Amino acid sequence: MKLLNGSILLFSACILCTCSLRNDNSSSEEKKINAFLSRMTLEEKIGQMNQLTGMGLSNDMTGLVRAGKIGSILNELDVNTINELQRIAVEESRMGIPLIFGRDIIHGFKTIFPIPLGQAASWNPQVAENGARIAALEASSTGIRWTFAPMIDVTRDPRWGRVAESCGEDPYLVSVMGVAMIKGFQGDDLSSPSSLAACAKHFAAYGATESGKDYNTTWVPESQLRDVFLPPFKAAVEAQAATFMCSFNDINGIPSAANEYLNKNILRDEWHYDGMLVSDWGAIDQLIPHGIAADLKEAALKAAHAGIDMDMMGYAYTNHLEALVQSGAVSEKAIDEAVRNILRLKFRMGLFDNPYTTALDTAPYYSEDALQKAHHAAIESVVLLKNKNNVLPLLDKIKTVAVVGPLSDAPADQLGTWCFDAEPQHSITPLAAIQHEYAQQVKVIAKKGLTYSRDKNPQGIAQAVAAAQQADVVLFFAGEEAVLSGEARSRASIHLPGAQTDLLKALKKTGKPVVLIVMAGRPLTIQEEVAEADAVLYAFHGGTMAGPALADLIFGKAVPSGKLPITFPRLVGQVPIYYAHKNTGRPASNIDLIDDIPVGAAQTSIGFTSYHLDAGDSPLFPFGFGLSYTTFEYSDLQLSSTTINKNENLSVACTVKNTGSREGAEVVQLYTGDLVASLARPVKELKGFTKIILQPGESKEVRFTITPEQLSFWNHDNQLVLESGDFRVWIGESSAKGLEANFSVK
Ligand code: GLC
C-alpha cells in the first residue's frame with residue numbers, strides 16, 4: 001500500500017444531491033399562507049387535513065370538495081374527473097384552495113421499471129432518477145401530482161413482502177437511490193405541471209418489522225434507529241422531498257402516527273423539515289388496534305399532538321378534531337401548523353397558479369425514450385450469480401435453445417408488485433424477446449413446464465424436459481408471481497414456490513447446460529438450485545422491458561453489471577443475515593457443519609462460536625456481489641495518510657483493471673470499519689461506490705473521500721460521535737472481497 005502523493009482529483013463517493021427545489025419567494029409564500037389562515041374557519045382548516053380515496057364525481061365527493069372538507073384525493077385517475085373536482089375546489093368552495101391528487105407510483109406509471117430492489121441492484125442512481133422522471137411525465141398527464149414514493153425503508157429481512165419495494169439492506173445505498181428517485185419525481189422545479197411531489201416513506205423503521213411479517217412491531221434501540229433506519233430519511237430532507245409518510249409500525253411500543261419524538265423532535269426540530277407529513281392509509285385509526293387509543297377521538301388527539309398533518313383515509317381528523325380544538329385538548333395553533341405545511345406544499349407545487357391539467361389527445365405513455373430507459377434499467381438491475389464454464393453469453397455457440405419455466409412468458413408477473421396502472425399487454429416477456437430478436441440465429445423451443453410460480457402440477461414437466469432434450473442449452477425462467485411480494489405479502493419460507501425445483505432437477509437430468517434466470521420480488525433461498533444450474537441470473541421483477549433486457553444479457557448484446565443490494569441467505573433460518581453485522585465475542589471459526597459431526601460426538605467436541613450448524617455463518621451470496629462476463633483486478637490501494645485528526649478527510653484510491661476480453665462495468669465499493677469503539681460497531685459499513693466501465697485491458701484509478709461524519713456513529717448517550725482509534729478501509733468488488741488497509745483517527 002502506497003501513500004497518495006500530490007494533489008489528486010478526488011472522486012467523492014456519491015454526492016447526495018441537495019438541489020434546491022425551493023422557489024426564492026418563500027417569504028412571500030408564508031405571507032400568502034398567513035393570509036389564507038387568517039380567513040379560514042376551523043372546519044375549513046381541518047378539511048385541508050383530510051385525504052380520501054377517489055369516488056369519481058359522486059355527490060358525496062363533490063359535496064365534500066365544495067364544502068372545503070377535503071384537502072387531497074388519492075387514486076382518482078381520470079383527468080376530466082380530476083379537473084372537474086379541481087374546478088369545484090377552486091371556483092365553488094369558499095376558500096378556493098386547490099386539491100392535491102396522489103397515487104402510488106413506485107416504479108413506473110405505464111412504462112414499468114424494475115422493482116426498486118432491482119433498481120438498487122444496478123447501483124446506478126441515474127437508473128432510479130430516469131425511472132422516476134419518466135413516471136412523473138406519464139402520471140402527471142392525468143392530473144396526478146403527488147406520488148407516495150420513494151419507499152426508503154432499510155430492511156434486512158427477505159421474508160418481508162415490502163423488501164421488493166425497498167432499496168435493500170444498506171443505509172448508504174438506500175439513501176443514494178432514494179435521493180435519485182426524489183430528484184426524478186420532483187424534477188428541477190416542483191411547480192412544473194410535469195413534476196410529482198415525492199413522499200419519503202415509511203417514517204420510520206418499518207423494515208425492522210418483527211419476523212418479517214408486515215405491519216408488525218419493531219424493537220429498535222436509538223443508536224440503531226439513528227445509524228441504520230434514519231439516514232435515508234435525513235438524506236430525503238436534504239434532497240427536499242416535498243412530503244413524508246408515517247409508517248404503520250410501532251417503534252418500541254409507540255406507533256409512528258403517534259410518535260412525537262420521531263415526527264417533531266427529529267423531523268422538525270433536528271432536521272428542520274418544512275414539508276408535509278401524511279399518515280399512511282388509516283394509520284391514525286389503527287392506533288386503536290395498536291392499543292394506544294381507546295377510540296377514534298383519542299387517536300385523532302394523539303396523531304395531532306404527534307404532528308401528522310394529513311389523515312389518509314382515517315376519518316379521525318374530520319370526525320373529531322373540531323371538538324378536540326373546542327375542548328382545548330388540541331390547540332388551534334397545532335392545526336394552523338399542519339395547515340401551513342399543507343398550503344406551503346400546494347404553493348410550492350404551483351397548484352394555486354396552475355390547478356388544472358391539460359388533457360392530451362394522446363397520453364404520453366411508452367415513449368421510445370421511456371422504453372429505452374426501462375430496457376437499460378432492466379439490464380443494469382440483473383445480477384450474474386454463477387457462470388460455470390462461461391456458459392453465458394450464448395450467441396454463436398448454440399443452434400437450439402429451450403425456453404422453459406413459469407416466468408418465461410408471464411407479462412403481468414414480470415412487472416412485480418406496486419404497479420396498479422401498468423398494462424401487461426405492453427410487457428415484453430423473455431420468450432417474446434428471444435423469439436423476436438434471436439429466432440434468426442437460434443431455433444427456439446418453448447414449453448413452460450409449470451404454468452405459474454406456485455404450480456405443483458407435474459404434468460407439464462415432461463414436455464419441458466422433452467424440449468430440453470432437443471436443445472443445446474436450457475433457459476429456465478423461474479421465480480415468484482408478482483402477488484407473492486409487496487404489501488402484506490410476507491413469506492415464512494422463501495424458497496422457489498411450487499414444483500420449480502423439481503422441474504430444474506428434471507431439466508438438469510437431461511445433461512444439457514441449464515441457465516437459471518430468477519424473476520422474484522425478494523432474495524430466495526436457492527442454494528440447491530444454484531448448485532444444479534450452470535449459470536444463474538437474478539433479475540428480480542424487471543418491468544415492461546424485462547424480456548429484451550434478459551435476452552440481450554443471455555445472448556451477449558449486454559454484459560451483466562448488477563450487484564446484490566441485499567444479502568442472500570442459504571436458509572431462511574439465517575435471517576436476519578447482513579454484511580454490516582457485529583463481530584460478537586465469538587466470531588465464527590472452526591465451523592463443523594451438521595452433516596460432518598460424527599455420530600455420538602461429545603457436546604464439547606465441536607466449536608463454540610457464532611454460527612448455525614446447518615448453514616455455517618456465511619450467506620449464499622453477500623451484499624454487493626455480482627459477476628460479469630469479464631474479470632476485474634484491484635491493486636495499489638493508497639491512503640492520503642495512515643493517521644487523520646477528527647476534522648480531516650481521508651482520501652483513498654486504488655486501481656481497477658479489466659483483465660478479461662469484454663467491456664464490462666464494475667461497481668467499486670468503499671467500506672470502513674471502526675475496530676474499537678464505545679459500542680460494538682458493525683464489522684464494516686458501505687461509505688461510497690462508483691460504477692465504472694472498462695474496456696478489455698483498461699485500468700482506471702478510483703478515488704474516494706471519507707469524511708469525519710462518515711466515520712461517526714450514534715453512541716449509547718444518543719450523541720453523534722467520532723471516536724479516536726483504529727479503523728480499517730476496504731475497496732473492492734463486494735462486501736466480502738476487497739483490498740484493505742488500516743488507518744487511525746487521533
Ligand atoms: C398503503 C401503503 C403505502 C401507500 C398507501 C396508499 O397501505 O402502506 O405505502 O402509499 O397505503 O396506497
Side-chain angles (χ1 to χ4, degrees), residues 50-55 70-77 99-109 115-117 132 135-136 139 142 144-155 160-167 174 178 181-182 185 196-209 212-218 229 232-233 236 241-251 255-257 259 275-287 289-290 303 308-316 345 416-422 482-483 485-490 521:
N50 184 32
Q51 180 187 54
L52 296 179
T53 196
M55 297 181 270
I70 188 166
S72 171
I73 295 171
L74 73 156
N75 301 335
E76 188 55 71
L77 289 167
L99 299 160
I100 309 180
F101 291 89
R103 178 75 165 168
D104 292 284
I105 299 156
I106 311 297
H107 56 109
F109 184 61
I115 55 172
L117 191 60
T142 69
I144 293 167
R145 291 288 319 279
W146 182 17
T147 179
F148 307 121
M151 187 273 216
I152 49 178
D153 297 301
V154 172
T155 187
W160 188 40
R162 301 196 80 160
V163 65
E165 197 185 340
S166 81
C167 289
V174 172
M181 289 174 184
I182 290 163
F185 286 130
L196 297 182
C199 182
K201 74 182 188 182
H202 305 78
F203 193 57
Y206 188 18
T209 189
K213 199 163 54 172
D214 209 352
Y215 317 118
N216 208 353
T217 185
T218 73
F229 297 104
F233 290 97
T243 68
F244 265 51
M245 179 186 289
C246 84
S247 62
F248 286 124
N249 57 286
D250 72 86
I251 301 176
S256 300
N259 198 321
M276 196 264 278
L277 174 61
V278 65
S279 79
D280 200 339
W281 184 298
I284 295 177
D285 50 343
Q286 288 162 26
L287 295 178
H290 265 296
I308 303 292
D309 296 324
M310 186 177 276
D311 174 6
M312 179 191 284
M313 282 303 289
Y315 299 96
L345 172 66
T417 186
W418 282 111
C419 47
F420 296 145
D421 303 300
V483 73
S485 60
E487 183 174 353
R489 303 290 173 265
S490 298

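In listed order, ligands and their atoms are each counted from 1. In what follows, every heavy atom counts, from backbone to side chain, and hydrogens, waters and symmetry copies are set aside. What you see is a predicted model; the values in this text were computed from it and never measured.
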re atom 2 (C) of ligand 1, the protein heavy-atom contact at minimum distance is E487 OE1, 3.2 Å
In this structure, CG of L77 is separated from OG1 of T142 (nearest 0.5 Å) by 6.0 Å
When distances are taken from atom 12 (O) of ligand 1, the protein heavy atom at minimum range is D104 OD2, 2.5 Å
Check: Y206 ring centroid to W160 ring centroid under 6.0 Å: yes
One should read off an interatomic distance between M245 CE and D280 CG, to the nearest 0.5 angstrom, of 5.0 Å
Numbered in order shown, the ligand 1 atoms found under 4.0 Å of a heavy atom of H202 are 3 (C), 8 (O), 9 (O)
A student checking ligand 1 against F248 at a 4.0 Å heavy-atom cut-off should list atoms 7 (O), 8 (O)
Note: M151, heavy atoms under 4.0 Å from ligand 1, region reported as neither
Min over V278, D280, I106, I105 of heavy-atom distance to atom 11 (O) of ligand 1 lands on D280
Checking heavy atoms under 4.0 Å, the part of R162 that sits near ligand 1 is side chain
**Message:** Would you say that P116 contacts M151 through its side chain, given a criterion of any heavy-atom pair below 4.5 Å between the two side chains?
**Reply:** no
Could you walk me through whether D250 and T217 pass the side chain to side chain donor-acceptor pair (under 3.5 Å) check?
CA-CA 5 Å; D250 72 86; T217 185; 2.8 Å; yes
For this session: State whether W146 and K201 meet the cation-pi test: NZ (Lys) or CZ (Arg) under 6.0 Å from the six-membered ring centroid, and within 45° of the perpendicular axis.
Result: no
Note: ligand 1 atoms sitting under 4.0 Å from heavy atoms of F148 are 10 (O)
Per-atom filter on ligand 1: closer than 4.0 angstrom to a heavy atom of K201 are 3 (C), 4 (C), 9 (O), 10 (O)
Sequence neighbours excluded, the answer for side-chain hydrogen bond (donor to acceptor under 3.5 Å, both in side chains) partners of D153 is H202
